[in-house]
Amino acid sequence: MRKLLFVLALVPALAYAQTLTRDGVTLTPAQEARAEDIGSQLRCLVCQNESIEGSSADLAKQLRTIIRQHVVAGDSSKSIMNYMVQRYGIFVLLKPPFMRLTWALYASPFIGIILGFFGFWLMRRTKAEAPAPLTDADARRLDELLK
Amino acid sequence: MSPLRRRLLFGIPLALAVAGGEGFYIILRRMQENDYDPHALPSPLIGKRPPAFNLPGADGMQGFSNTDLLAPPKPMLVNWFASWCVPCLQEAPMLMKLAKTGLEIWGIAYQDHPKDLANFISTNGNPYTRLAADASGLTAINWGVYGVPETYFIDKQGIVRWRYAGALTDDVVSGTLQPLLQKYA
């Protein structure tokens with residue numbers, strides 16, 4: 001019984017035993033997963049089409065460290081994103097939020113669809129009228145040509 | 001097909017193509033005139049005071065903190081640079097020229113080694129009234145600095161009015177900095 005209690009007492013320690021160190025911060029796999037999730041949604045400002053998670057720039061490495069420090073401190077993902085937006089502006093977000101500057105971007109597929117339907121409607125409405133029936137002279141000439 | 005519809009069917013795509021072409025042409029022309037940089041980012045610091053910081057001096061000069069920037073007697077520049085950065089080297093003569101006109105420039109050396117920094121200053125001259133060192137680069141992150149050189153224009157209320165990322169050129173100085181100096185004088 002005492003042995004069992006001893007083993008049970010060690011179980012929580014297992015969670016801590018499985019830690020890893022990434023960018024100078026020691027954290028649990030769950031914390032690391034959250035940090036990676038945050039970092040992959042943020043743009044590296046040095047090489048602008050890479051995420052902070054995927055970039056090898058020094059600044060990105062430093063920001064990865066900061067993200068992990070905040071994750072270990074228990075800050076919410078949203079507050080960590082806000083930390084970055086406060087410093088670098090909304091451009092740091094790889095997925096831009098819906099706002100005055102970006103509404104046209106989000107509306108563009110719908111505008112495209114509407115324009116497409118409009119064009120389609122124009123085309124349908126403008127179907128060419130059937131040509132006037134051939135006169136006898138024209139019919140004879142056609143027969144001649146097709147011989 | 002009625003003439004109006006025919007005109008619409010032909011005219012709308014043509015107008016769209018012309019508008020698109022015009023847009024690209026304007027972008028390309030402005031890029032060529034150094035008037036527009038698609039990589040430039042607006043700084044969230046504009047219209048605000050710099051965040052709290054306190055940096056030690058470098059190369060025997062006095063450092064500074066955000067409270068020293070609260071109310072400069074006249075508009076000034078804060079220049080982030082590093083001895084290891086090539087555009088900073090290109091920018092150095094321009095900073096010297098600006099300092100000679102009486103413009104106050106304070107420098108922050110970003111992630112630099114004291115020895116390299118001293119070398120850089122003695123080779124390229126010292127345009128800075130004060131020179132601080134951000135060895136860790138953490139103050140730079142709070143400012144939203146994403147590369148060196150970066151130059152911040154601070155008005156008499158201590159508010160950041162303009163940020164330029166990259167080496168200051170003649171075009172930038174005459175086209176943007178001089179008008180700002182007049183506006184906030």
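Basis for what follows: all heavy atoms, side chains included, without hydrogens, waters or symmetry-related copies. Below, read A as the first sequence line, B as the second, and so on, with proteins coming before strands; counting in each chain starts at 1. These figures come from a predicted structure and were not determined experimentally.
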Inset, instruction - Measure the shortest side-chain to side-chain distance between A/Tyr83 and B/Ile141 over non-hydrogen atoms and say whether it is less than 4.5 angstrom. - result: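 Yes - at least one pair of side-chain heavy atoms lies under 4.5 Å apart.
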
Less than 4.5 Å to any heavy atom of chain A: does that hold for the side chain of B/Leu45, its backbone, both, or neither?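 It is neither, since no heavy atom gets under 4.5 Å.
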
* With a 4.5 angstrom heavy-atom cut-off, which part of B/Leu41 approaches chain A: side chain, backbone, both or neither? ->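 For B/Leu41, side-chain heavy atoms alone lie under 4.5 Å from chain A.
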
Common cluster, [X]/[Y], ILVMFWY with side-chain heavy-atom separation under 4.5 Å:
X        : Y        : result
B/Tyr128 : B/Leu55  : no
B/Ile46  : B/Leu181 : no
B/Leu177 : B/Tyr152 : no

Go through the atoms of [X] and report whether side chain, backbone, both or neither lie under 4.5 Å from a heavy atom of chain B.
X       : answer
A/Leu45 : both
A/Ile66 : side chain
A/Phe91 : side chain
A/Val85 : backbone

query = Going from CZ on A/Arg43 to OH on B/Tyr146, what distance comes out if it is rounded to the nearest 0.5 angstrom?
reply =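 These two atoms lie 11.5 Å from each other.
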
Give a yes or no on this: more than 12 heavy atoms of other residues, nucleotides or ligands lie within 6.0 Å of atom [atom1] of [X].
X        : atom1 : answer
A/Asp58  : CG    : no
A/Phe120 : CZ    : no
B/Arg29  : CZ    : yes
A/Asp136 : CG    : no

Looking at every heavy atom in both A/Gly89 and B/Pro44, which two are closest together, and how far apart are they?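 For A/Gly89 and B/Pro44, the tightest heavy-atom pair comes out as N-CG, 3.1 Å.
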
Tell me if a side-chain donor or acceptor on A/Gln62 pairs with a main-chain N or O of B/Ser136 at a distance below 3.5 Å.
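Such a contact is found between A/Gln62 side chain and B/Ser136 backbone.
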
Check the pair A/Leu59, B/Val145 against side chain to side chain contact (heavy atoms under 4.5 Å, CB included), reporting the backbone distance first and the verdict last.
CA-CA 10 Å; A/Leu59 181 64; B/Val145 170; over 6 Å; no

Which residues pass the ring-ring contact (aromatic ring centres under 6.0 Å, His included) test with B/Tyr184, sequence neighbours left out?
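B/Tyr184 satisfies ring-ring contact (aromatic ring centres under 6.0 Å, His included) with B/Phe153 once adjacent residues are dropped.
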
